[in-house]
Enquirer: 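Before anything else, here's the structure in question.
Protein chains get the first letters and strands the later ones, always in sequence-line order, with residue 1 at the start of each.
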Amino acid sequence: MTMIDIEDKPSSLWRDAWRRLKRNKLAVAGLAIIAALVIVSVFGPWLSPYDFLSQNLDLRNQPPSSQHWLGTDDLGRDVMSRLIYGARTAFMVAVGVTIIAVLIGVILGAIAGFYGGWFDRFVMWFTDITMSVPQLLLVVVINASLKQPISLWMEARYMETLNPIYRNTQIVDFVLVFGAMALITWPPYARLVRAQVLSVRQRPYVTAARALGLTNRLILTRYVLPNAMGPLIVAVSAGLGTAMVLESAFSFLGVGVTPPTPSWGNMISDGLRVWTNYPHLLAAPAAVLAVVTVAFNFLGDGLNDALNPKGQK
Amino acid sequence: MTALLEIRGLAKRYDIRLGAFGEKQAVVRALDDFSVDVVEGETLSLVGESGCGKSTTGFAILNLQRPSAGSVRYKGQDIAGLDEDAMRPFRRDLQIVFQDPYSTLNPRMTIGEALAEPIRFHGLAPKGEVPARVARLLEDVGMTPRFANRYPHELSGGQRQRVAIARALACQPRFIVCDEAISALDVSVQAQILNLLLDLQEKYGLTYLFIAHDLAVVRHISDRVGVMYLGRLAELAPSQALFAEPLHPYTRALLSAVPEPNPRAPRNRQRLVGEVPSPLNPPTGCRFHPRCPLARDICKTTVPDWREVVPSHHVACHAVTGPGRTNWEGPA
Amino acid sequence: MTLLDIKGLTIDIARDTGPARVVDGIDLAVMEGESLGIVGESGCGKSLTMLSLVGLLPNRIRATGGQALFGGRDLLKLSAKELRKVRGSEIGFIFQDPMTSLNPVIRIGDQIAEALIYQKGLTRAQAKDRAVELLALVGIPAPEERANAWPHELSGGMRQRVMIAMGLAGNPKLLIADEPTTALDVTIQAQIVDLVRELKDRLKMSVVWITHDLALIAGLADRIAVLYAGTVVEDAPVDAIFDRPTHPYTRALLGSLPTLAGAAMERLPSIAGTPPEPGRRPPGCPFAPRCAFALPSCREAVPKLQSVPGNARHKVACPVMLEANV
């Protein structure tokens with residue numbers, strides 16, 4: 001009997017998706033902007049022309065100039081340097097929050113969808129409860145009730161150990177912001193993963209894996225989850241953008257990152273107060289935030305098309 | 001002739017809720033009182049129209065859908081309803097091939113990974129020998145080992161179905177359920193896969209439960225054929241006897257509905273009126289009676305017995321007493 | 001009289017890598033009152049050929065050449081608006097899947113009436129009456145009551161009857177049935193086949209029946225066109241196809257067909273390999289790589305349809321078999 005052979009180059013689904021993504025100009029533009037954001041946040045200290053904290057009270061509220069490309073703020077700080085550090089904040093918060101939220105969402109959603117039963121009902125009930133609590137209120141409550149005790153505890157630890165790490169108030173900020181935001185952003189991920197798992201679980205290749213006698217854990221991690229990931233990747237891309245906006249919103253409202261740590265949100269908040277006189281103080285951070293958010297959405301749309309090709313074979 | 005599987009009274013019921021608030025409860029009897037001995041080395045086919053329970057039977061035998069009642073004896077043990085851990089040692093021997101070639105393989109795994117999985121999991125070969133095993137499996141189903149690093153979407157439907165067969169073979173099984181395994185393929189590819197299944201049966205002494213709706217295909221490959229209607233066996237006989245002399249009125253109607261590749265075939269064949277009723281609310285008595293040309297009062301009230309009217313030819317019908325003999329001619 | 005005359009039709013799929021040809025120069029005619037069967041395996045272009053006539057090709061797939069003359073017009077050159085008119089009243093279409101081809105939120109009587117109001121300018125009351133008539137015509141019991149039923153209340157066979165009623169709504173001269181029984185059980189399939197055959201005679205229309213099932217088409221068609229990889233390889237009256245199949249592909253297809261009559265062979269003769277994918281058709285005759293009779297010359301030029309000696313209506317695209325005269 002003659003054997004059936006194959007000649008074309010091998011291609012995997014991920015590689016095909018990447019090829020499709022590369023053809024989408026908007027998605028590539030979005031990816032480029034996000035890559036720039038990552039570079040800026042990682043190499044910020046070396047890239048920024050000035051220290052984001054150094055004040056120059058002689059040069060307050062300067063319009064853009066050759067020394068200060070984006071001008072200076074009301075304390076004479078270089079706006080560009082603050083934007084670059086703000087990128088750092090935004091990026092760290094977005095990534096940190098999304099990682100935590102996705103981890104919670106994937107674990108709860110996958111187990112609930114795969115095993116069903118009482119755990120599924122419990123997770124869905126818990127998700128509904130979390131989603132029905134007003135998000136802003138929850139963050140304000142967490143901030144108001146936990147910030148002071150944690151700060152006091154840190155202060156006490158510093159007195160005991162004299163370890164400078166306990167003087168770093170940024171850590172408290174980040175932990176609180178991460179925690180609070182992750183707490184309100186995980187439910188959509190859990191729902192999405194659960195729905196995906198429920199549908200993938202029915203596919204014949206999963207039944208075939210059961211017929212081979214494989215254990216549930218193996219089936220879940222090697223057969224179900226990898227095939228449930230597509231929509232999650234799209235959601236994560238959009239979610240990163242949303243997390244940045246959320247962080248800015250909370251900083252704007254004064255429940256996010258505390259000044260003087262620069263955040264686009266508190267820069268917008270500061271700029272808003274003086275925007276009639278110094279519009280560049282509002283325009284610069286607002287424009288950056290808008291561009292980055294749009295970039296994440298373009299990438300998300302591109303990923304969606306690349307991972308779920310329609311009208312193609 | 002030894003029975004590989006002794007199936008007795010196998011049944012599958014689904015409880016469902018109806019109405020806007022799930023206030024009404026109903027039971028779907030997908031499979032009722034299925035009893036058959038599957039003989040070692042044979043090809044036993046189950047045929048019938050959609051909703052007749054033939055696929056459910058395959059799933060229930062393999063315990064992929066937990067049966068609601070009945071027993072499946074294999075190697076002296078009843079495996080019906082065993083939990084996954086207890087079932088695992090038996091899974092190796094009892095395999096399945098599905099219908100849809102496009103979803104039968106994990107799209108994120110290469111063909112090689114898919115075939116290596118059961119070998120590794122069950123420890124069927126030392127680690128170093130797994131790739132050679134995979135290569136041999138591919139050759140068994142007529143493919144070169146070069147397919148091992150390919151993904152399913154690069155393969156045609158027929159090639160995927162070959163891989164699915166190779167995956168079932170990886171465990172060195174004794175029994176394979178072919179659940180409409182060729183129904184989704186083109187005619188010319190169907191014949192290839194059928195012949196492959198027959199080659200493998202000879203080579204490895206496999207026993208097949210072949211589930212199909214295409215009677216012409218079934219006729220060519222089966223040793224015995226069971227005809228199902230609405231969750232029950234209507235007739236079971238050696239293939240030749242069934243096609244030469246069908247006894248149950250449903251089998252006759254089914255056979256006469258199969259188109260013949262002959263433009264001069266007589267056209268005034270027996271036509272069944274109406275359609276298969278919903279399994280949610282199956283007819284009382286003999287489930288076929290509302291469409292049956294021979295139906296009488298007793299058929300509406302009493303479920304017909306499963307009788308061996310000719311040696312090894314079973315039928316469940318009040319009207320049939322033997323080959324060509326019915327209790328009455330036409331409806332009363 | 002020729003009702004529909006397709007000449008040199010080509011259809012391309014727009015791929016990332018450039019256009020891929022799926023239909024490669026099909027010539028096909030349908031006579032008035034004739035029932036033509038188009039047979040081929042998946043991907044041979046049988047459905048696309050017919051969809052292209054009424055402007056229903058999927059995204060990224062376009063008719064790129066040839067013509068399709070119907071009632072003195074080239075269907076391929078009509079505007080979307082004109083095609084809509086043709087679809088409603090002159091060419092009726094029945095699709096494969098009766099489960100998804102009906103709008104689940106509109107009562108079936110209204111779905112049929114909708115088309116009539118729009119196409120024929122009937123009043124709502126007239127259209128409703130006509131819808132009930134049509135439901136009766138396709139053998140739906142108690143049509144007045146069924147007209148008020150929702151699609152999900154009907155079984156698959158009943159839904160396919162409703163689809164046929166919709167296809168007949170505009171009194172078409174040509175009814176195109178695209179594998180209308182593939183999704184149905186065999187006993188229901190037999191009912192639908194009987195129905196279409198009866199309707200064709202009663203309404204004096206032409207029917208094009210697209211299928212992969214040679215056995216099914218045997219009892220249905222006056223003439224059969226066998227398609228392979230986007231070309232017509234054999235076109236002949238139904239008796240000639242089954243009595244004297246000439247193209248090697250037709251022969252192999254018939255040979256690999258399991259039947260209920262005759263001896264039950266264990267092994268069925270099969271055709272090795274698979275049909276070529278669009279865009280990677282081999283040079284010359286597309287069947288040559290799988291053909292037992294192929295000569296080196298087969299791989300050079302695409303063979304043209306030629307009449308078999310002694311039967312002008314029996315055309316085959318295989319010079320090798322014609323010369324051998326077997």
Side-chain angles (χ1 to χ4, degrees), chain A residues 1-20 110 114-117 121 196-197 199-233 306-310 312-313, chain B residues 59 62-65 84-85 87-111 113-114 117-118 121-122 138-139 141-147 149-156 158-159 162 164 167-168 170-171 173 177 179 192 195-196 199:
Chain A
M1 159 163 100
T2 50
M3 293 282 164
I4 300 169
D5 204 353
I6 187 163
E7 272 160 19
D8 330 326
K9 287 206 195 85
S11 76
S12 83
L13 282 185
W14 296 120
R15 222 174 305 165
D16 287 356
W18 171 237
R19 200 168 41 79
R20 282 191 290 270
F114 190 70
Y115 291 97
R121 283 194 294 278
Q196 282 295 307
V197 166
S199 104
V200 173
R201 198 176 67 156
Q202 310 283 340
R203 304 267 161 85
Y205 56 82
V206 175
T207 313
R210 283 177 57 210
L212 291 173
L214 304 187
T215 55
N216 277 332
R217 220 190 58 200
L218 207 57
I219 293 173
L220 181 58
T221 52
R222 280 175 60 77
Y223 291 79
V224 177
L225 274 182
N227 290 292
M229 282 298 121
L232 184 70
I233 291 172
L307 293 169
N308 310 304
K310 280 172 237 101
Q312 297 207 6
K313 200 180 72 102
Chain B
F59 276 73
L62 296 189
N63 208 0
L64 288 169
Q65 277 174 11
E84 271 312 310
D85 289 325
M87 192 65 204
R88 194 156 292 128
F90 299 107
R91 289 254 177 256
R92 267 183 59 187
D93 289 358
L94 314 172
Q95 279 301 309
I96 184 164
V97 178
F98 298 98
Q99 171 174 12
D100 180 7
Y102 294 91
S103 54
T104 196
L105 298 169
N106 184 347
R108 309 280 173 199
M109 268 179 158
T110 62
I111 305 306
E113 285 165 4
E117 186 97 306
F121 183 82
H122 291 292
L138 282 170
E139 278 164 9
V141 295
M143 297 167 85
T144 63
R146 284 170 62 185
F147 277 94
N149 57 2
R150 297 314 174 110
Y151 284 89
H153 70 276
E154 302 174 68
L155 274 57
S156 71
Q159 290 168 349
R162 284 173 192 267
R167 175 181 57 195
C171 297
V177 174
D179 185 12
Q192 291 173 15
N195 291 343
L196 172 68
D199 291 340

Enquirer: Is there a donor-acceptor pair closer than 3.5 Å between any side-chain N or O of B:Asn106 and the backbone N or O of A:Arg222?
Expert: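 Between the backbone of A:Arg222 and the side chain of B:Asn106 there is a qualifying donor-acceptor contact (under 3.5 Å).
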Enquirer: Between B:Gln95 and B:Arg167, is any side-chain donor less than 3.5 angstrom from a side-chain acceptor?
Expert: no
Enquirer: Any idea which of B:Gln99, B:Arg91, B:Met87 has the most non-hydrogen atom pairs under 4.5 angstrom with chain A?
Expert: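 Among the listed options, the one with the most contacts to chain A is B:Arg91.
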Enquirer: Tell me, for B:Leu64 versus chain A, whether the close heavy atoms (under 4.5 Å) come from the side chain, the backbone, both or neither.
Expert: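 Both backbone and side chain of B:Leu64 come within 4.5 Å of chain A.
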Enquirer: Pick one of side chain, backbone, both or neither for B:Asp100, based on which atoms fall under 4.5 Å of a heavy atom in chain A.
Expert: neither
Enquirer: Donor-acceptor pair, B:Arg108 side chain versus A:Asn227 backbone, under 3.5 Å?
Expert: no
Enquirer: State, yes or no, whether a side-chain contact exists between B:Val177 and B:Leu62 at a heavy-atom distance under 4.5 Å.
Expert: yes
Enquirer: Could you walk me through whether B:Tyr151 and B:Glu113 pass the side-chain hydrogen bond (donor to acceptor under 3.5 Å, both in side chains) check?
Expert: CA-CA 10 Å; B:Tyr151 284 89; B:Glu113 285 165 4; 5.3 Å; no
Enquirer: Could you list the residues that satisfy side-chain contact (heavy atoms from CB on, under 4.5 Å) with B:Pro89, not counting sequence neighbours?
Expert: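 B:Pro89 satisfies side-chain contact (heavy atoms from CB on, under 4.5 Å) with no other residue.
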Enquirer: Please classify the contact between B:Phe90 and chain A as side chain, backbone, both or neither, with a heavy-atom cut-off of under 4.5 Å.
Expert: neither
Enquirer: Could you tell me which residues satisfy side-chain contact (heavy atoms from CB on, under 4.5 Å) with B:Gln159, sequence neighbours excluded, listed by chain and number?
Expert: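 For B:Gln159 the side-chain contact (heavy atoms from CB on, under 4.5 Å) partners, ignoring immediate neighbours, are A:Ile4, B:Met143, B:Phe147, B:Leu155, B:Ser156.
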Enquirer: Who pairs with B:Arg88 by side-chain hydrogen bond (donor to acceptor under 3.5 Å, both in side chains), at least two apart in sequence or on another chain?
Expert: B:Asp85
Enquirer: Which residues from residues 207-214 of chain A are near chain B, with near meaning under 4.5 Å between non-hydrogen atoms?
Expert: A:Thr207, A:Ala208, A:Arg210, A:Ala211, A:Leu212, A:Gly213, A:Leu214
